[in-house]
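Let me begin by presenting the structure, written as structure tokens, before commenting on it.
When reading the values below, keep in mind they use all heavy atoms of this one structure, side chains included, and skip hydrogens, waters and symmetry mates. Letters A, B, ... are given to chains in the order of the sequence lines, protein chains preceding strands, and every chain is numbered from 1.
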Amino acid sequence: MSELTAIRGMNDILPSETPSWQYVERAVENVLASYGYAEIRMPLVEKTALFQRSIGAVTDIVEKEMYSFDDRNGDSMTLRPEGTAGCVRAAIQRGLLGSPQRLWYAGPMFRYERPQKGRQRQFHQIGVESFGVPTPDMDTELILLCDRLWQRLGIADSVSLQLNSIGNLPSREAYRDALVCYLEKRLDQLDEDSRRRLDSNPLRILDSKNKATQALLCEAPRLADYLDDDARSHFSRLCDLLDAVGVSYTVNERLVRGLDYYNKTVFEWVTDQLGAQGAVCAGGRYDGLVLQLGGKAVPAVGFAMGMERLVLLLQEHGSVQERPEADIYVVSAGSEAQREALVATQALRVAFPDLCIQQHVGGGSLKSQMKKADKSGASLALIWGEDEVADNSVSVKFLRENAVGQARQINVATNRLEKTVRSFYAS
RNA sequence: GUGGCCGUAGCUCACCGGGUAGAGCACCGGAUUGUGACUCCGGAGGUAGCGGGUUCAAGACCCGUCGGCCACCCCA
């Protein structure tokens, strides 16, 4: 093996996998279009400060996971670790926020982490963001959109919705103080990671996986008790609407999300089928971010889904059907026959733009060409040899089980080939 | 950043201190003249991740290193 290998955590998506990817991408694009969302494409690289000021300076992402570098002018740039910051920046800078906007984007994100199942350094997200609508019906729409997509992909049974409200900044700060106060009195019962979080990001302690810590939290102050009326009614309206449509969810009071910009609604679609990586899709409301990044006070909600994780889920369910490499495989013996075959094949491609018609290349005996025809999965082989050239015909061989009474091989005049193929596919 | 498991043919894996390192699948060729699959026959393909050590002898044991997977952490 050469030492010129791919960078750790940056995977090639191989030909055997791209059908699954395309399947997911098409389904997503379809569903998004049906809800009226428009695509936006942003650069992969942004100024480092953009991420520092949006994601939150003390988050792991900004502290140790960003691919940052100085460009030739000495300005610090960063390969985007997530999409929301760039999308907000673009929306502000390009003046998209005069009226409500429904946007989506897809593409690679970069985070310097140890790779594991469902997690790599270059990974792909599809992000959906809504700007300008402060009411909970907007949050609802986004969640319904997800639900529709899971149905569409056939993975609805594998994911479930976790929901919470983390209120506005003042109530979160008040709660944070109460939580820290409570935990500081019980420092000895806290695990090491949680102790570290006590100064940096106390809310994250809530979703610690440590059992002792979780037990400790049962008696801790509850975030829900600190929400103001606005956040409370926003959340209950969201729940009402979800109930009305019949989307089931679990209110998870410990769900706080990692990025600083969220307020009010946060949600996560989780699965137990991807090892340690439970979150397939996650997001929430971020009413303050546009203002914080230099725009007007425009409310917003959004979420992102992890393509790799969706594809993994889909593959576990085996619901992507594979297509044969070719529908028709063209073989020939002799250079004159190959010439005839080439011309006829080109005409067939015009007549049947949706079929995959492969003409054998690279020579070899007719036998070896026929082997290739079989392996390609094609239903028909078209054969040109000396005899066919001599009488302007082509031999059509049916390679698969087909309609009763169908001959295994027939010889037709070249000018009747199109008609023959058409009738084969009609039946 | 920490921990566990693992690097032998294109792929999945055997052999687990001793002869020229094997199998299945895949690949190539042949089994009648111009015809696939199934079957049979034949062939090609490996400095056993890399470096060092122990030993009369190492793919197997030890150390290091690189790479992979999984988990912690974090997150989509």
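Summarising the base pairing, B/rU35 is matched to no nucleotide, lacking a Watson-Crick or G-U wobble pair whose two defining distances lie under 3.5 Å. Pair check for B/rC25 finds B/rG10; Watson-Crick or G-U wobble, both atom distances under 3.5 Å. Across all strands shown, the partner of B/rU2 is B/rA71, judged by Watson-Crick or G-U wobble contacts whose two distances both fall under 3.5 Å. For B/rU20, there is no paired base (Watson-Crick or G-U wobble, both distances below 3.5 Å). Across all strands shown, B/rC40 forms a Watson-Crick or G-U wobble pair, both distances under 3.5 Å, with B/rG30. Using N1 to N3 plus N6-O4 or O6-N4 for Watson-Crick, or N1-O2 and O6-N3 for G-U wobble, each under 3.5 Å, B/rG45 pairs with nothing. Pairing for B/rC15 is absent, judged as Watson-Crick or G-U wobble with the two contacts each under 3.5 Å. In this structure, B/rA60 forms no base pair with any nucleotide, since neither Watson-Crick nor G-U wobble geometry is met with both distances under 3.5 Å.
Within 4.0 Å (heavy atoms only), A/A373 reaches no atom of the nucleic acid at all. As judged by a 4.0 angstrom heavy-atom cut-off over every strand, A/K117 is placed among residues touching the sugar-phosphate backbone only. Counting any heavy atom pair closer than 4.0 Å across all strands shown, A/G275 reaches sugar-phosphate atoms only and no base atom. Heavy atoms of A/E65 sit under 4.0 angstrom from primed sugar atoms or phosphate atoms, though from no base atom. Nucleic acid contact class of A/K375 (heavy atoms, under 4.0 Å, all strands): sugar-phosphate only. A/A333 comes within contact range of no nucleotide atom at all, as no heavy-atom separation falls under 4.0 Å. At the heavy-atom level, A/L310 lies nowhere under 4.0 Å from the strands shown.
For B/rC73, the base has a donor-acceptor partner in the side chain of A/R119 [N/O atoms by modelled type, under 3.5 angstrom]. Judged by atom type and distance alone, A/Q369 does not reach the base of B/rU35 through any side-chain donor-acceptor pair under 3.5 Å. Applying the 3.5 Å distance criterion, the base of B/rG1 shares no donor-acceptor pair with the side chain of A/E113. Judged by atom type and distance alone, A/Q116 reaches the base of B/rC73 through a side-chain donor-acceptor pair under 3.5 Å.
A/K371 has its NZ atom 17 Å from the P atom of B/rG34, to the nearest Å. If you take NZ of A/K367 and C1' of B/rU39, they are 12 Å apart, rounded to a whole angstrom. Rounded to whole angstrom, the span from the CZ atom of A/R80 across to the P atom of B/rA76 amounts to 14 Å. If you take CD of A/E325 and P of B/rA26, they are 14 Å apart, rounded to a whole angstrom. Following rounding to the nearest Å, A/E82 (CD) and B/rA76 (P) show an atom-to-atom distance of 8 Å. Between A/I126 atom CD1 and B/rA76 atom C1' there is a gap of 11 Å when expressed in whole angstrom units. Taking atom CD of A/Q120 as the reference point, atom P of B/rA76 lies 14 Å away to the nearest angstrom. Atoms CZ (A/R400) and P (B/rC38) sit 11 Å apart, rounded to a whole Å.
The number of heavy-atom neighbours closer than 6.0 Å to CZ of A/R416, taken from other residues, nucleotides and ligands shown, is 12 or below. Atom CG of A/D70 sits in a crowded spot, with more than 12 heavy atoms from other residues, nucleotides or ligands closer than 6.0 Å.
In this pair, A/F424 and A/F398 present their aromatic rings tilted. The plane angle is within the 30 to 60° band.
Rounded to whole Å, the P atom of B/rG36 lies 25 Å from the corresponding atom of B/rA44. Rounded to the nearest Å, the gap between the P atom of B/rA26 and that of B/rC63 is 40 Å. Atom P of B/rG22 sits at a distance of 36 Å from the matching atom of B/rU35, rounded to the whole Å.
Heavy atoms only, all atoms of each residue included: A/S395 and A/E388 are closest at OG-OE2, 2.7 Å.
At the phosphate of B/rC74, neither OP1 nor OP2 sits under 4.0 Å from any side-chain N or O atom of A/R111. Contact annotation: A/R408 does not reach the phosphate of B/rU35 (side-chain N/O to OP1 or OP2, under 4.0 Å).
With hydrogens and angles left out, the side-chain atoms of A/N168 and A/S171 include a donor and acceptor closer than 3.5 Å.
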query = After noting the C-alpha distance and the side-chain angles of A/E129 and A/Q101, does the key distance pass the side-chain contact (heavy atoms from CB on, under 4.5 Å) rule?
reply = CA-CA 8 Å; A/E129 320 282 359; A/Q101 286 281 351; over 6 Å; no
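With distances taken from any side-chain atom of A/R309 to the nucleotides B/rU35, B/rC69, B/rA76, the minimum falls on B/rA76. The listed nucleotides are B/rA76, B/rU35, B/rC73; the one nearest the side chain of A/A282 is B/rA76.
Comparing A/A276 and A/E386 by the nucleotide of RNA chain B whose heavy atom lies nearest to each, the residue mapping closer to the 5' end is A/E386. Of the two residues near RNA chain B, A/R114 and A/R121, the one whose nearest nucleotide lies more 5' is A/R114.
A cation-pi arrangement is not found for A/R119 relative to A/F123, the charged atom failing to lie both closer than 6.0 Å to the ring centre and inside a 45° cone about the ring normal.
Of the charged side-chain nitrogens involved, at least one lies within less than 4.0 Å of a carboxylate oxygen, so that A/R257 and A/E268 count as a salt-bridged pair.
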